Amino acid sequence: MLKTSHPLGKIVLGMSGGVDSSVCAYLLKKQGYQVIGLFMQNWDTYINNDIRGHLKTNDKYCNAQKDFTDAQKVAHKLGIEIHRTEFIEQYWKKVFSYLIKEYRAGRTPNPDILCNKYIKFHEFIKYALKHFHTSHIAMGHYANVVYKNKKYLLTMAKDKEKDQTYFLCWLTQKQLKHTKFPIGNLTKNEVRKIAKQIGLSNWNKKDSTGICFIGERNFKQFLNNYLPDKKGNVINIETNQKIGIHDGVAFYTYGQNKGLGLSGQTQKYFVCAKDIKQNILYVCDTKHINKHLISTKCELTNFNWINNIPKIEKVQIRFRHRQKLINGSFVIRKNTIILTYHPTLSVTLGQFAVLYQENICLGGGIVNHVFK
């Protein structure tokens, strides 16, 4: 039985109904916090015209309610209170409208990073401080916050496969000051083991996937809710010959080699360039990947330094979540950062580059130009 005194005071925990946040609730209560669960709903399929792209028709409109029911079961089991709120309008304005704007421009955004900055660690913190009069919130992310030399450092999780610092690269000192990550020093297997041992019904619940708060979708069909088909030519960039028809350049990402509709072709082709004005999708074959999809230098804008700019310019870089860290270096030029790195495949406009030194996440910025 968990102790009922609360020497560490109140903490508001983002509870999603998943195993990670559920174990966070258990650990925080065990440490001596008065844990208040807060479930967020940030997407509404009716309001947001989310019609196409659902993978399971029966689950089309009830995922949020199922997750909230799971969170309620955990809260009851652990003897903590739970509340529910929604930031549907804020999510649309701050996260989703940006996503659609970027895809329309032929770029590849990362909504999870914006969701963390503007929703989970802004709207949520603001709501928690106002309504529950607490100084701290907690989330079930695989990451750590370390206070050192009067600064808050965002450091990688123990479980490097699950580490989520990539998605947290736009957080600020103020946001980190209010935040705790209780499972940052545990592996996923350890989290599930704890959940099973204490009898949580969701101990083996599948991890959430897909777009933050929206879930897994047939992505092209989902985007079709907001971006209409705009058919155009698929051109072999080496021969300048038309080899197919695409549904709209917004629906394809650099390096993509499946779902291109290039029936009858004997070779595998990869998306390597887009002409938005002419509505042309360029592809290359396997022999020319190095020429068209490998880069060693790019420009970043809107970079967020979590701490002071480091004196040492050698860094490790991650362009995608779970991608292996790449050795590189940075140079600051006016309001941009120029990254130089080991040859890397499919660095894409609109995606985030996140920088590290040792175990510390320095911050991240948006890829605005890739030098060939």
Side-chain angles (χ1 to χ4, degrees), residues 53 99-111 166 211 217-224 227-301 317-329 336-354 364-372:
L99 179 143
I100 295 302
K101 180 182 176 183
E102 286 288 274
Y103 273 108
R104 187 178 285 118
R107 293 157 64 95
T108 305
N110 192 306
Y166 178 88
I211 307 169
R217 295 286 193 273
N218 177 309
F219 199 63
K220 180 189 176 298
Q221 291 177 16
F222 174 71
L223 282 182
N224 239 167
L227 297 174
D229 284 351
K230 189 178 179 182
K231 294 187 181 298
N233 293 334
V234 179
I235 302 292
N236 183 329
I237 199 167
E238 284 294 315
T239 64
N240 206 34
Q241 291 181 327
K242 174 184 172 181
I243 60 173
I245 299 290
H246 66 75
D247 293 322
V249 293
F251 302 128
Y252 305 89
T253 60
Y254 286 82
Q256 180 176 337
N257 64 77
K258 295 180 180 178
L260 302 182
L262 301 178
S263 58
Q265 299 295 328
T266 58
Q267 301 183 71
K268 182 180 284 189
Y269 285 92
F270 301 80
V271 175
C272 63
K274 300 177 182 182
D275 186 328
I276 304 299
K277 290 182 179 180
Q278 300 297 320
N279 195 31
I280 296 172
L281 190 70
Y282 289 97
V283 296
C284 67
D285 59 28
T286 307
K287 292 185 297 184
H288 297 96
I289 282 179
N290 286 358
K291 178 179 178 181
H292 296 289
L293 282 170
I294 297 288
S295 67
T296 58
K297 193 175 183 180
C298 71
E299 175 192 72
L300 307 182
T301 58
I317 306 161
R318 182 169 278 151
F319 290 102
R320 286 175 287 277
H321 176 49
R322 291 186 181 174
Q323 179 189 41
K324 288 185 178 180
L325 290 167
I326 305 160
N327 289 327
S329 61
T336 65
I337 290 177
I338 305 299
L339 284 187
T340 304
Y341 43 88
H342 285 192
T344 303
L345 180 68
S346 301
V347 174
T348 305
L349 301 185
Q351 71 182 172
F352 278 74
V354 180
I366 300 170
V367 177
N368 191 53
H369 182 75
V370 178
F371 297 95
K372 298 295 185 182

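Only heavy atoms go into these numbers, but all of them, side chains included; no hydrogens, no water, no symmetry mates. Remember, it's a predicted structure, so these values are computed and weren't measured experimentally.
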(request) Mind checking side chain to side chain donor-acceptor pair (under 3.5 Å) for Asn236 and listing every partner two or more places apart, or none if nothing turns up? (result)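 Applying side chain to side chain donor-acceptor pair (under 3.5 Å) to Asn236 gives none.
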(request) Not counting sequence neighbours, which residues clear salt bridge (charged side-chain N to carboxylate O under 4.0 Å, His left out) with Glu299? List them please. (result)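 If we apply the salt bridge (charged side-chain N to carboxylate O under 4.0 Å, His left out) test to Glu299, skipping adjacent residues, there are no hits.
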(request) Please identify each residue that fulfils salt bridge (charged side-chain N to carboxylate O under 4.0 Å, His left out) with Arg107, with sequence neighbours left out. (result)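 Arg107 satisfies salt bridge (charged side-chain N to carboxylate O under 4.0 Å, His left out) with Glu102 only.
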Considering only heavy atoms from C-beta outward, does the side chain of [X] approach that of [Y] to under 4.5 Å?
X	Y	result
Leu339	Ile317	yes
Ile235	Asn240	yes
Ile243	Val283	yes

Without placing hydrogens or testing angles, list every side-chain donor-acceptor pair under 3.5 Å for residues 251-258, not counting sequence neighbours.
{"from": "Tyr252", "atom 1": "OH", "to": "Asp247", "atom 2": "N", "distance (Å)": "3.2"}
{"from": "Gln256", "atom 1": "OE1", "to": "Thr253", "atom 2": "N", "distance (Å)": "3.1"}
{"from": "Gln256", "atom 1": "NE2", "to": "Lys258", "atom 2": "O", "distance (Å)": "2.9"}

(message) The test is side chain to side chain contact (heavy atoms under 4.5 Å, CB included); show your working for Val234 and Leu262 and say whether it passes.
(response) CA-CA 9 Å; Val234 179; Leu262 301 178; 3.9 Å; yes
(request) If a pair satisfies side chain to side chain donor-acceptor pair (under 3.5 Å) and one of its residues is in residues 266-285, list it, with sequence neighbours excluded. (result)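 Every pair satisfying side chain to side chain donor-acceptor pair (under 3.5 Å) with a residue in residues 266-285: Asp285-His288.
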(request) Please state whether the rings of Tyr341 and Phe319 are parallel, tilted or perpendicular, taking 30° and 60° as the class boundaries. (result)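 Plane angle over 60°, so perpendicular.
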For residues 344-354, which side-chain N or O atoms pair as donor and acceptor with protein atoms under 3.5 Å away, sequence neighbours left out?
{"from": "Thr344", "atom 1": "OG1", "to": "His342", "atom 2": "O", "distance (Å)": "2.7"}
{"from": "Thr348", "atom 1": "OG1", "to": "Ser346", "atom 2": "O", "distance (Å)": "2.9"}
{"from": "Gln351", "atom 1": "OE1", "to": "Thr348", "atom 2": "N", "distance (Å)": "2.7"}

(message) Using a strict threshold of under 4.0 Å (side-chain N to carboxylate O), is an ion pair present between Lys291 and Glu238?
(response)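 So Glu238 pairs with Lys291 through a salt bridge.
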(request) Return yes if some donor-acceptor pair links the side-chain N/O of Asn224 with the main-chain N/O of Leu227 below 3.5 Å, else return no. (result)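 Looks like yes, one N/O pair under 3.5 Å.
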